[in-house]
Number of protein chains: 2
Amino acid sequence: MSVQERKQRERAERERLIVATARELAEQQGWDAVTTRRLAERIEYSQPVLYSHFRGKREIIGAVALEGATEMAVAVRAAASRASSPRERVAALARSYLDFAARNPAVYDALFQLDGGLAFAHEDTPEPLKDAFAALLESLGEVAGDGVHPGLFTEVFWASLHGLATLTRAGRLPPEDIEPRVELLVDRLAVV
Amino acid sequence: MSVQERKQRERAERERLIVATARELAEQQGWDAVTTRRLAERIEYSQPVLYSHFRGKREIIGAVALEGATEMAVAVRAAASRASSPRERVAALARSYLDFAARNPAVYDALFQLDGGLAFAHEDTPEPLKDAFAALLESLGEVAGDGVHPGLFTEVFWASLHGLATLTRAGRLPPEDIEPRVELLVDRLAVV
DNA sequence: CTCGATTGTCTAGCGGTGCTAGGATCGAAA
DNA sequence: TTTCGATCCTAGCACCGCTAGACAATCGAG
């Protein structure tokens, strides 16, 4: 049994290596540079090995996305927990969200821009994604205001953050003025 | 002279054909299906002809984007002009923006998701893009509220719309509840 | 301890991509 | 009619995601 267990362990380790390498390469040179050939070379295995772990490139993107979702949930909760008032909590959440997107552009792309083959807003949505949304909901739900469904409010606030994140990073919005944009968004949207 | 003029005219006509065909193909089957080979076949010329009009595929995407920007500006201005109050103007603008994105997903992608090699938020930004932003600014500027820069307000409102548009279309948000989301956004962000 | 079966990995290759070099063709001017 | 430049196409490059089939290493049964 021990032999099989070791093999399983090594196999799982190699899978982590693939995901970590894909992420690293994507952050360094963009997802376009993450080709199966380059990825295989970096992990020092041949291409077909990738396909023994994942159905294809999109599943690798999906794996990076799930990893990112978990980290984002952690970051957002940590930022929220450091704030004392609901107003400050929402502002801290917004800043940490945009900060995460700016610091991990490739991961953010994997999550929300690229096709990682993940289901969203369904019952079969992977747990990390649901949890990331839950992390937003925890802080945003309390400032939805009377008569506004917390889930709906969270969707709208999240969409606003997502818009700011993507438009800024794509050069569609000037990168300065991030802070006043966050202030405006929080002041207007959140009911405190 | 007449011969040269005819040739120039035909050349311009072919360029329009390329852009229109690319857009059509993208709307029908997505941008992934828009390959230089397929595009060349549809316009009944060989591949290299494309490269005598555009530097490459990204420039073709950029051309579709510019066309889309012009149309979007028209749509947004038309919707805004039909409303009587500032509040209704903003709501109409929001609906027409999201409607445009939903009805022309490929064009919207060319504008804001794909790399069309266009410069944004610079002085050398193409006129249609600046004008589309101006169309938003015209209606949104009047509800920015005291002490808030109209440009900043427009950026934030636009980003929110962009987030709703992309997350909805990518399946990240359930497609129902578009109207209540718009209502919430307008009610909270706009100062009337 | 040997030997077939299973597992794991690799080489080689398929059809596709964006893009381009170089030759053929055609029409206008001499 | 001949020349010559503009125009267009054939063919091909290097790369892509993905996979079939050969090969080697390992395992379990006799």
Side-chain angles (χ1 to χ4, degrees), chain A residues 1-19 21-23 25-26 28-65 106 109-110 114-117, chain B residues 1-19 21-23 25-26 28-65 106 109-110 113-118:
Chain A
M1 271 302 166
S2 172
V3 172
Q4 283 195 6
E5 284 175 7
R6 193 205 68 222
K7 288 199 173 185
Q8 272 192 331
R9 230 174 26 238
E10 286 173 353
R11 197 179 150 73
E13 177 55 37
R14 192 173 62 180
E15 189 158 316
R16 276 193 295 275
L17 178 64
I18 293 173
V19 176
T21 305
R23 175 175 178 170
L25 193 50
Q28 285 172 356
Q29 310 182 37
W31 276 107
D32 279 352
V34 184
T35 68
T36 55
R37 280 172 177 77
R38 253 193 288 264
L39 187 50
E41 196 194 7
R42 283 231 185 172
I43 65 170
E44 295 179 310
Y45 281 93
S46 71
Q47 262 180 301
V49 164
L50 300 174
Y51 293 85
S52 75
H53 289 272
F54 303 95
R55 280 181 191 280
K57 191 184 171 180
R58 67 151 49 184
E59 265 198 11
I60 297 178
I61 295 173
V64 172
D109 280 346
L114 303 176
D115 180 11
Chain B
M1 269 304 167
S2 172
V3 173
Q4 284 193 8
E5 283 174 8
R6 194 205 68 223
K7 287 199 174 182
Q8 271 191 335
R9 234 179 16 243
E10 286 172 354
R11 199 179 148 73
E13 178 53 36
R14 193 173 63 182
E15 188 160 316
R16 275 193 297 274
L17 177 64
I18 292 173
V19 176
T21 306
R23 175 175 177 170
L25 193 50
Q28 284 171 355
Q29 312 183 35
W31 277 106
D32 279 352
V34 183
T35 69
T36 54
R37 279 171 179 76
R38 252 193 289 261
L39 188 50
E41 196 194 7
R42 284 230 183 173
I43 65 169
E44 296 180 309
Y45 281 95
S46 72
Q47 263 180 299
V49 164
L50 301 175
Y51 293 87
S52 76
H53 289 272
F54 302 95
R55 279 180 192 279
K57 191 182 171 180
R58 66 151 49 183
E59 265 198 12
I60 297 177
I61 295 173
V64 172
D109 279 346
Q113 303 271 50
L114 303 176
D115 180 12
L118 302 175

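Proteins get letters first, then strands, A, B, ... in listed order; numbering begins at 1 in each. As the structure is a prediction and not an experimental result, all values here were calculated from the model.
- Taking 4.0 Å as the cut-off between side-chain N and carboxylate O, B:Arg16 and B:Glu13 count as a salt-bridged pair.
- One N or O donor and one acceptor, one from the side chain of A:Gln47 and one from the base of D:dC18, sit under 3.5 Å apart.
- No side-chain heavy atom of B:His53 sits under 4.5 Å from any side-chain heavy atom of B:Glu59.
- Other residues, nucleotides and ligands contribute at most 12 non-hydrogen atoms within 6.0 Å of the CD atom of B:Glu44.
- The side chain of A:Ser46 lies closest to C:dT9 when the candidates are C:dA21, C:dT9, D:dC8.
- Two residues are said to be in side-chain contact when any heavy atoms from C-beta on lie closer than 4.5 Å; B:Asp115 and B:Ile61 fail this criterion.
- When the P atom of D:dA6 is taken as reference, atom CZ of B:Arg11 falls 13 Å away, rounded to whole Å.
- End-to-end axis angle of the helix from C:dC1-D:dG30 to C:dA30-D:dT1, from C1' rotation axes over five pairs per end: 30° (rounded to 10 degrees).
- Taking atom CD on B:Glu59 and atom P on C:dC19, their separation rounds to 10 Å, with Å as the unit.
- Distance, B:Ile60 CD1 to C:dT17 C1': 14 Å, rounded to whole Å.
- Between the CD1 atom of B:Ile18 and the P atom of D:dC8 there is a distance of 10 Å, given to the nearest Å.
- If you measure from atom CH2 of B:Trp31 to atom P of C:dT17, you get 15 Å, rounded to the nearest angstrom.
- Distances from the side chain of A:Tyr45 to the nucleotides C:dT9, D:dT19, C:dC19 place C:dT9 closest.
- The residue B:Thr35 sits close only to the backbone: its heavy atoms come under 4.0 Å of sugar-phosphate atoms, none of a base.
- Straight-line distance from the NZ atom of A:Lys57 to the C1' atom of D:dC16: 8 Å, rounded to whole Å.
- Dense packing is recorded around CD of A:Glu10, with more than 12 heavy atoms of other residues, nucleotides or ligands lying under 6.0 Å away.
- Contacts of B:Arg14 with the nucleic acid, taken as non-hydrogen atoms under 4.0 Å apart, involve only primed sugar atoms and P, OP1 or OP2.
- Nearest nucleotide to the B:Val49 side chain, out of C:dC10, D:dC8, C:dG18: D:dC8.
- The CG atom of B:Leu50 sits 13 Å away from the P atom of C:dT17 (whole-angstrom rounding).
- Here D:dT10 presents its C1' atom at 16 Å from OH of B:Tyr51, a figure rounded to the nearest Å.
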Would you sort out whether B:Tyr45 and B:Ile18 count as a side-chain contact (heavy atoms from CB on, under 4.5 Å), showing the intermediate values? CA-CA 10 Å; B:Tyr45 281 95; B:Ile18 292 173; over 6 Å; no

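- If you check residues 36-44 of chain B against DNA chain D, the residues with a heavy atom closer than 4.0 Å are B:Arg37, listed by number.
- Closest of all the heavy-atom pairs between B:Gly117 and B:Arg58 is CA-NH1, 3.8 Å.
- Counting heavy atoms from C-beta on, the side chains of A:Val34 and A:Ile60 never come closer than 4.5 Å.
- Across A:Ala110 and A:Val64, no two heavy atoms sit closer than the pair CB-CG1, 4.2 Å.
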